[in-house]
Student: 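I have a structure I would like to understand better, so I am pasting it below and will then ask my questions one at a time.
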Amino acid sequence: MARTVKEEEYAVKRNEILDVAQRLVYTKGYEHMSIQDILNELQISKGAFYHYFDSKQALLETLIERRLEEATQFLFPILQDPQLTALEKIQRYFDSAAQWKTARKDFFLGLLRGWYADDNAIVRHKVFASGVKQIAPLLTVVIQQGVQEGALTTSYPDQVSEVILSLFQGLGDSLSGAILSYEPSPDSLQHVERTVAAYTDALERVLGAPAGSLNLVNAETLNEWFVASDDKS
């Protein structure tokens with residue numbers, strides 16, 4: 001059914017607010033961005049803002065879900081590519097996810113501290129649950145393919161995709177914490193590298209994949225987030 005003019009106008013104005021909020025996250029960071037900043041930029045009233053979002057936290061949740069939707073649209077073709085083996089799909093999925101995030105590094109760095117504030121714990125849970133709902137079914141098909149190909153030996157091909165996404169989320173949380181507290185030193189970077197290696201080992205064991213067949217985050221990506229970011233500071 002075609003959307004009415006009123007629905008289209010609502011969507012346009014809502015996206016305008018999201019666009020401005022996203023830009024402010026880049027330039028000021030989520031913590032320092034206020035609703036008033038958005039009102040000033042768009043020349044709208046508080047009442048107009050609250051017509052679309054009932055709080056700054058609701059705005060944050062929508063911003064993350066918007067990014068998640070972009071990411072899933074980017075990643076789905078990889079998981080559905082009939083020319084790739086299951087292991088190739090899984091590895092390309094992780095590589096592409098890392099590349100997608102790195103290309104938007106300024107946005108994520110601007111959001112990071114606010115995203116991990118205690119006040120956003122429920123939002124983080126809801127966004128993760130939404131991501132699992134979208135991605136897990138496709139990942140399950142890939143895992144079933146891997147079992148048929150003999151590359152994966154998991155006993156739970158229909159359930160393990162949620163475990164994998166939990167591992168990936170856990171690694172993301174660990175790396176985010178490392179970014180927020182990072183002090184440049186060989187020991188600090190080595191700790192990050194060993195954390196990635198531990199999660200990768202856990203992933204291979206859960207999937208029943210050959211040791212060394214997968215790599216959650218490569219050295220180039222770690223360098224971009226830790227070493228390169230420090231060089232620019």
Side-chain angles (χ1 to χ4, degrees), residues 3 6-78 93-135 165 168-169 171-173 175-180 182 217 221 224-226 228-230 232-233:
R3 293 197 299 183
K6 190 173 250 185
E7 288 173 332
E8 289 178 353
E9 289 176 349
Y10 180 93
V12 168
K13 180 56 70 175
R14 188 170 182 270
N15 280 324
E16 284 179 3
I17 294 172
L18 287 169
D19 289 340
V20 169
Q22 184 170 299
R23 185 164 65 252
L24 288 169
V25 166
Y26 273 108
T27 57
K28 301 185 72 168
Y30 173 75
E31 282 187 307
H32 300 293
M33 176 192 76
S34 67
I35 291 176
Q36 190 61 48
D37 290 327
I38 298 171
L39 305 185
N40 293 343
E41 182 105 8
L42 289 171
Q43 293 295 296
I44 60 174
S45 67
K46 273 191 177 180
F49 174 87
Y50 287 116
H51 178 65
Y52 299 96
F53 302 98
D54 59 19
S55 65
K56 185 181 176 186
Q57 191 175 55
L59 178 66
L60 171 64
E61 182 175 355
T62 307
L63 272 176
I64 296 298
E65 288 180 342
R66 190 194 214 193
R67 283 301 197 188
L68 179 62
E69 186 176 342
E70 290 176 15
T72 51
Q73 288 175 354
F74 175 67
L75 296 169
F76 278 179
I78 297 168
Y93 171 81
F94 290 130
D95 289 343
S96 297
Q99 290 167 8
W100 183 88
K101 266 195 167 182
T102 301
R104 295 154 180 80
K105 185 172 71 170
D106 289 344
F107 171 78
F108 286 107
L109 288 176
L111 198 64
L112 205 56
R113 197 170 296 279
W115 180 239
Y116 282 98
D118 290 345
D119 289 347
N120 285 321
I122 293 175
V123 178
R124 291 197 303 273
H125 173 74
K126 288 169 69 176
V127 171
F128 174 68
S130 176
V132 169
K133 187 176 180 180
Q134 292 182 56
I135 298 170
L165 292 172
F168 200 41
Q169 177 70 18
L171 176 59
D173 291 343
L175 293 180
S176 295
I179 289 169
L180 290 172
Y182 188 68
V217 186
T221 298
E224 178 64 31
W225 282 87
F226 290 93
S229 293
D230 177 59
K232 295 173 185 176
S233 62

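These values consider heavy atoms only, across backbone and side chains, with no hydrogens, waters or symmetry-generated copies.
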Student: Please report the interatomic distance CG(Asp106) to OG1(Thr27), rounded to the nearest 0.5 Å.
Tutor: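 Nearest 0.5 Å value for the CG-OG1 distance: 10.5 Å.
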
Student: Nearest heavy-atom pair of Val25 and Leu111: which atoms, and what distance?
Tutor: CG1-N, 3.9 Å

Student: Taking only residues two or more places apart in sequence, or in another chain, which ones meet Gln43 in a side chain to side chain donor-acceptor pair (under 3.5 Å)?
Tutor: none

Student: Assess whether atom CD of Glu69 is packed by more than 12 heavy atoms of other residues, nucleotides or ligands within 6.0 Å.
Tutor: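 Open: at most 12 neighbouring heavy atoms sit under 6.0 Å from CD of Glu69.
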
Student: What is the ring orientation for Tyr182 with Phe226, classed by angle as parallel under 30°, tilted 30 to 60°, or perpendicular over 60°?
Tutor: perpendicular

Student: Run the side-chain contact (heavy atoms from CB on, under 4.5 Å) test on Arg23 and Val20 for me, step by step, so that the C-alpha distance in whole Å, both residues' side-chain angles and the decisive distance to 0.1 Å come before the verdict.
Tutor: CA-CA 5 Å; Arg23 185 164 65 252; Val20 169; 3.7 Å; yes

Student: Could I get the full list of ring pair (Phe, Tyr, Trp, His ring centres under 6.0 Å) partners for Phe49, not counting sequence neighbours?
Tutor: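 By the ring pair (Phe, Tyr, Trp, His ring centres under 6.0 Å) rule, Phe49 matches Phe53.
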
Student: When you measure from the centre of the six-membered ring of Tyr30, is the NZ or CZ of Arg113 closer than 6.0 Å and no more than 45° off the axis?
Tutor: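 No, Arg113 does not sit over the ring of Tyr30.
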
Student: Distance from Leu24 atom CG to Ile35 atom CD1, nearest 0.5 Å?
Tutor: 12.0 Å

Student: At what distance, to the nearest 0.5 angstrom, does CG of Leu112 lie from CD of Glu31?
Tutor: 9.5 Å

Student: Which distance, rounded to the nearest 0.5 Å, do you find between the CG of Asp37 and the NE2 of His32?
Tutor: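 The NE2 atom of His32 is 11.5 Å from CG of Asp37, to the nearest 0.5 Å.
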
Student: The criterion is ring pair (Phe, Tyr, Trp, His ring centres under 6.0 Å); which residues satisfy it with His51, sequence neighbours excluded?
Tutor: Tyr10

Student: Does CG in Leu180 sit with more than 12 non-hydrogen atoms of other residues, nucleotides or ligands closer than 6.0 Å?
Tutor: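 Yes, CG of Leu180 has more than 12 neighbouring heavy atoms, counting only those of other groups under 6.0 Å.
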
Student: Rounded to the nearest 0.5 Å, how far does CD of Gln22 lie from CG of Leu63?
Tutor: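 So the gap between those two atoms works out to 6.0 Å.
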
Student: Under 6.0 Å from the six-membered ring centre of Phe108 and within 45° of its axis: does the NZ or CZ of Lys101 meet both?
Tutor: yes

Student: Would Lys126 and Glu65 pass as an ion pair if we require N to O under 4.0 Å?
Tutor: no

Student: Applying salt bridge (charged side-chain N to carboxylate O under 4.0 Å, His left out) to Glu9 and Lys6, what does each step give before you reach the verdict?
Tutor: CA-CA 5 Å; Glu9 289 176 349; Lys6 190 173 250 185; over 6 Å; no

Student: Indicate whether the side chain of Asp173 and that of Ser176 have a donor and an acceptor atom separated by less than 3.5 Å.
Tutor: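 On atom types as modelled, these side chains do not qualify, holding no pair under 3.5 Å.
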
Student: Between Asp95 and Gln99, is there a side-chain donor-acceptor contact under 3.5 Å, judged purely by atom types and distance?
Tutor: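 No.
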
Student: Applying salt bridge (charged side-chain N to carboxylate O under 4.0 Å, His left out) to Arg66 and Asp19, what does each step give before you reach the verdict?
Tutor: CA-CA 11 Å; Arg66 190 194 214 193; Asp19 289 340; 2.7 Å; yes

Student: Can you tell me how far apart OH (Tyr52) and CD (Glu16) are? Round to the nearest 0.5 Å.
Tutor: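 Separation between the atoms: 8.5 Å.
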
